Number of protein chains: 4
Amino acid sequence: MVTTKTELRKQKILDTATKVFAQRGFQEATITEIAKEAKVSEASIYEYFSTKEGLLFSIPARSSRELFEVMAFHLKLIRGAGNKLRAIVYLLMDSYQNHPEFAAVLMLFLKHNKKFLDTSGHHVIKEGVRQITRVIEEGIESGEFRGDLNPYLTRAMVLGTIEHLVTNWVMTGHPDSLIQFVDPLIDSLLAGIEQADATTK
Amino acid sequence: MVTTKTELRKQKILDTATKVFAQRGFQEATITEIAKEAKVSEASIYEYFSTKEGLLFSIPARSSRELFEVMAFHLKLIRGAGNKLRAIVYLLMDSYQNHPEFAAVLMLFLKHNKKFLDTSGHHVIKEGVRQITRVIEEGIESGEFRGDLNPYLTRAMVLGTIEHLVTNWVMTGHPDSLIQFVDPLIDSLLAGIEQADATTK
Amino acid sequence: MVTTKTELRKQKILDTATKVFAQRGFQEATITEIAKEAKVSEASIYEYFSTKEGLLFSIPARSSRELFEVMAFHLKLIRGAGNKLRAIVYLLMDSYQNHPEFAAVLMLFLKHNKKFLDTSGHHVIKEGVRQITRVIEEGIESGEFRGDLNPYLTRAMVLGTIEHLVTNWVMTGHPDSLIQFVDPLIDSLLAGIEQADATTK
Amino acid sequence: MVTTKTELRKQKILDTATKVFAQRGFQEATITEIAKEAKVSEASIYEYFSTKEGLLFSIPARSSRELFEVMAFHLKLIRGAGNKLRAIVYLLMDSYQNHPEFAAVLMLFLKHNKKFLDTSGHHVIKEGVRQITRVIEEGIESGEFRGDLNPYLTRAMVLGTIEHLVTNWVMTGHPDSLIQFVDPLIDSLLAGIEQADATTK
DNA sequence: AATGAATGAGGCTTCATTCAT
DNA sequence: TATGAATGAAGCCTCATTCAT
C-alpha cells in the first residue's frame, strides 16, 4: 500500500467530498466548498477528478474494495450458507455504522443514479454483490436453503432490507444503532429461506 | 370528483413533469422542457407550483392517496394478516408496474430526498405505510405471525425488498414484469415471519 | 367636484398605490399587491392607468393641484414677500406632515425621475413652483429682498432645504414634527446665519 | 496606494457601472451591459460584488472618502467658520461638476434609497457630513454665527440647496456650470436674503 | 365595467470548469 | 504540481401586462 504525497492529497479530497456531500447534498455542495474544507485549490481537485460527478463516483471505489476483500476473507473461514449470510449482513451494517457519511453518499447519491452504473466504482460493488449471490446459490445447492428459492429475489430481500434500514438511518440523522437489527433480521431471513427441516446452523 | 379547467391544467403539468423527470432526471430536466411538452407557458407552471422542487414534491400526493385508499378498501375485505400482506405487496407492485414513470420519480428522486420529508406529499405516504405496520401488528397479536417479530424491521423487509426490486426495474429500463416477484416474495417473507406451527393462510 | 363611482374607484387605487409604494418602494411593490389591498382586480388598475409607472406618475396631480390652489389663495391675502415666503414654507411642510405617504412617494420616487419631467403631474408642480419664484421676484423688485439675489438660486435654497428635511423625515420613519422647522428655517433664510454685526465672513 | 491588477479590475467595473447607471438609470441598466462595456464577463462582476444593488452601493465609497479627506485637509488650513463653509460648498460643487456621472448616481439612485442607509458607503458619507456639522457648531460657539442657530437645520440648508442644484443639473443634462452658484449661494447663506436695513415683516 | 387566468420577455445569478502563471 | 482568477453557459423565476369571459 504505497501512499505517495499525491495519493494522500487525493484521499484527503475524497474524504472531504464525502463529508461535504453527506452534509449538504450533492447538488447543494459546491466545489469551492470542498476545496476550502480540504485546504486545496479548486483547480487541484480537477487535477485528480475530471468532473464534480466524477469525484462523486470515485468515492466508493476504495472503501468498497476494502470491505469486499474483508468479506471474501471472512466467507472463506465460515462454514454454512446461513452463517455466511449472517457474516455478510453483519459486515455491511457494521461498515455503514462506522462510516455514516460514506453510507449517506452511497444510499442517497450513488444508488439510484443511472450514470453511476457505468462506473468502475459501481463495478467494484457489483463484484462484491456477486459474493452474496454465490452464498445464496451455495445454500440452495447444498440443501441448506429451500430448493425453490429465486437467488436474485433472495438477494434483493437481503440488500433491499439493508438499504432501507440504512437509508432511514442516514436520513433521520442516525439516532440509534444499526447493529441491533442484524440478528433479528437474519433470523427472519433465514426462517423464511431455510429448509423447514434444516437442522440449522 | 370536481375537475375544473384549472384542475385539469394542473394535473396535465404534473403528469408531464412526471414523464420528463423520469426520462431525463430531475436536475437535467428543465422547466422550459416541461412547459413545452405540457403546452403551457413556463409562467403558468409557477402559477401552480412555487418552485421546480415544489413541482417535484407535488407529484406523489394524488396517486399515493388513491393507491392507499384502494389499499384500505381491500384490507377491509381480506381476512388474515398473511393474506393482507400479500394484497399489499401485490397492490404496490401492480401500481408501480402500471405507472413506471411515477415509480421512477418516486424511487429515484423522492425517497432519499431529505427535503421531501417535510412535505405534504410525504405525509400521505407515511399515512399509507402505517397501514402496513398495522397489518403486521395485527398478525403478531393474533398469533398468525411470530411473537418475537420487530414490526418496524418486518415492515423494512417488505418495503425494502419492494423498493430494491422496483429501483432495479426502473434503472434498467424495466425489461421484465414486476408482478412475477409477488408470489415468491410473499412466500419467503411469510415463511420467515409466520409461526412455525401455523396452519397457514 | 363630481365624484362618480368610477372616479371613486380610481381615487381608491391611487391612494392604495401611494400607500404601498411608500411602504415597500416602487420597484419592490407589485401590481398584484396594490390590487389586493385596493380590493380591485389587477386588470381594473389597467383600466385606469396605462402602466405601473403611469400609475406612479398619476399620484401627485390631484393633491398638488389642491395644495397649490390653497397656496395661491393664501398668497393673495398676505402682504410682503417675506410673509408670503413664510406662508409657502408653512403650507408645504404642513402638507407633507399630514400626508407622509404622499411625501415619501414624491421625495423618493418622483423627484429624481427623469421620465416624470414630461408628465402632466410634473407640470402641475412646475406651475406651483412658479408661484414661489414670483414671490421672490416681487421681494427683489419691491426692495424687500436684496437686489443682487439670484431668484433661481434663492428658490433652490427654499425648496432644497425643504426637500432635504422632508426626505430625511420620510427615510427615518418620521419620528418628530416637521413643522418645528418652519420658523427657524424662515428666520435663517430671511436673515442669514452670520451675526448682524460680524465684521467679516 | 497599492493598486494590484485585481484592484484595477474592480475599479474599472465601478467606473463603468457609474457611467452606465448614470446614462440609463439603475433599473434600466443591465449587468450584461456593464460587463460588455467594462470588457469583463458578467460572472466577473459577481466575483467582486455580491449583487447588482451591492455594486450600486459600492460606487460612492472610494470617491467619497477621497473627497472628505481633501475636505478635512483644507478645513485645517482655513480660519473662520464662514470661510470654512465656503470651502466646503466649493469642494462639493467642484467635485460634482468634475464627476457628473458620479453626481448623477449619488443624487438619483443613492440618496433616497433606504437600503443604502445600512451600507458602508453611506457610513463614509455620514462621517464626511459630520465635518460640516462641526464647522457650523464652531461658528456658533465662536460667535461668528448667530447663537440661536439650529446646527441640524443649518446643515440641512447647506446640503439641501446643494443637492437641489446638483439634482437639477444632472437631470437637465448639466448645460451650465455649477461653480457659478458657489459665491452667491454662500453669500445668501451667510448674509440672508433680506435687505440689511429692511424694516422686516 | 370588471376580472381571473395566462403568458411573454428577459434579467440576475450560480457554478463547474479552465487557464495563465 | 498547484493555484487564484476569470468566465461560459444556462436556468429559474418574476411580474407587468393582456385577454377571454
Side-chain angles (χ1 to χ4, degrees), chain A residues 4-6 9-10 13 26-36 38-56, chain B residues 4-6 9-10 13 27-35 38-55, chain C residues 4-6 9-10 13 26-36 38-56, chain D residues 4-10 13 27-35 38-55:
Chain A
T4 70
K5 212 168 193 176
T6 291
R9 260 175 92 83
K10 187 170 177 178
I13 292 169
F26 175 68
Q27 287 300 335
E28 290 70 22
T30 69
I31 294 288
T32 307
E33 205 175 346
I34 296 168
K36 202 167 292 170
K39 282 168 188 155
V40 153
S41 78
E42 292 160 81
S44 286
I45 293 181
Y46 284 90
E47 293 270 321
Y48 298 103
F49 307 97
S50 58
T51 75
K52 186 187 178 191
E53 207 169 38
L55 171 57
L56 172 68
Chain B
T4 70
K5 214 167 195 174
T6 291
R9 262 175 89 85
K10 187 170 177 177
I13 292 170
Q27 288 299 336
E28 290 70 21
T30 71
I31 292 289
T32 309
E33 203 175 346
I34 295 170
K39 280 168 190 153
V40 154
S41 77
E42 297 182 36
S44 284
I45 293 180
Y46 286 91
E47 281 268 304
Y48 297 103
F49 307 97
S50 58
T51 162
K52 188 188 176 190
E53 206 170 39
L55 172 58
Chain C
T4 69
K5 212 168 192 174
T6 292
R9 260 175 91 85
K10 187 170 177 179
I13 293 171
F26 175 69
Q27 287 301 334
E28 290 69 21
T30 70
I31 293 289
T32 308
E33 205 175 346
I34 295 169
K36 203 168 291 169
K39 280 165 188 156
V40 153
S41 79
E42 292 160 81
S44 285
I45 292 181
Y46 283 89
E47 294 269 320
Y48 298 103
F49 306 97
S50 57
T51 77
K52 187 189 179 190
E53 208 169 37
L55 171 58
L56 172 68
Chain D
T4 70
K5 215 168 193 174
T6 291
E7 208 56 44
L8 283 175
R9 259 175 92 85
K10 187 171 178 178
I13 293 171
Q27 287 300 334
E28 291 69 21
T30 71
I31 292 289
T32 310
E33 204 175 346
I34 295 170
K39 279 166 188 154
V40 154
S41 77
E42 299 183 36
S44 285
I45 293 181
Y46 285 90
E47 282 269 304
Y48 297 102
F49 307 97
S50 58
T51 162
K52 187 188 176 189
E53 206 170 37
L55 172 57

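Below, each value reflects all heavy atoms present in this structure, side chains not excepted, and no hydrogens, waters or symmetry copies. Quick caveat: nothing in here was measured; it's all calculated off a predicted structure. All chains are named by letter (A, B, ...) in the order of the sequence lines, taking the proteins before the strands, and each is independently numbered beginning at 1.
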For atom [atom1] of [X] and atom [atom2] of [N], their distance in whole Å:
X        : N       : atom1 : atom2 : value
Lys10(C) : dA2(E)  : NZ    : P     : 13 Å
Ile45(D) : dG11(E) : CD1   : P     : 14 Å
Glu28(A) : dA16(E) : CD    : P     : 11 Å
Tyr48(A) : dA16(E) : OH    : C1'   : 19 Å
Glu42(D) : dC15(E) : CD    : P     : 16 Å

**Q.** Spacing of Leu55(B) atom CG and Thr51(B) atom OG1 [to the nearest 0.5 Å]
**A.** 8.5 Å
**Q.** Helical stems, DNA chain F - three or more consecutive Watson-Crick or G-U wobble pairs below 3.5 Å
**A.** E:2-21 with F:2-21
Q | Set of side chain to side chain donor-acceptor pair (under 3.5 Å) partners for Glu53(C), sequence neighbours left out | A | Lys115(C)
Q.
Just to verify, what does Ser41(A) make a side chain to side chain donor-acceptor pair (under 3.5 Å) with, not counting sequence neighbours?
A. Ser44(A)
Q: For Ser50(D), enumerate each residue passing the side-chain contact (heavy atoms from CB on, under 4.5 Å) test, keeping only those at least two apart in sequence or located in another chain.
A: none
**Q.** Partner residues of Glu42(B) under the side-chain contact (heavy atoms from CB on, under 4.5 Å) criterion, sequence neighbours left out
**A.** Ile31(B), Thr32(B), Ala35(B)
Q. Looking at Phe49(A) and Ile13(A), what are the two nearest heavy atoms and their distance?
A. CE1-CG2, 3.7 Å
Q) Can you name the nearest heavy-atom pair linking Lys52(A) to Gln27(A), along with the distance? A) NZ-O, 3.5 Å
Q.
For Phe26(A), give me all partners under ring-ring contact (aromatic ring centres under 6.0 Å, His included), at least two apart in sequence or on another chain.
A. Phe21(A)
Q: Indicate, with a heavy-atom threshold strictly under 4.0 Å, whether Thr6(C) touches base, sugar-phosphate, or nothing.
A: nothing
Q) Counting any heavy atom closer than 4.0 Å, what does Ala35(C) reach on the DNA or RNA strands: base, sugar-phosphate only, or nothing? A) nothing
**Q.** Nearest-nucleotide 5' precedence on DNA chain F, Val40(A) against Thr51(B)
**A.** Val40(A)
**Q.** Pairwise 5' ranking along DNA chain F for Ser50(C) and Lys5(B), keeping only the more 5' one
**A.** Ser50(C)
Q: Please examine the side chains of Thr6(B) and Tyr48(B), heavy atoms only from C-beta on, and report whether any two atoms are closer than 4.5 Å.
A: yes
Q: Identify, between Ser41(B) and Ala29(D), the residue whose nearest nucleotide on DNA chain E lies closer to the 5' end.
A: Ser41(B)
Q. DNA chain E: Glu47(D) or Ile31(D), which has the more 5' nearest nucleotide?
A. Ile31(D)
Q: Could you tell me from which nucleotide to which nucleotide of DNA chain F, 5' to 3', there is an atom under 4.0 Å from chain D heavy atoms?
A: dA6(F) to dG8(F)
(Q) With a cut-off of less than 4.0 Å, is there a side-chain N or O of Thr30(D) near OP1 or OP2 of dG11(E)? (A) no
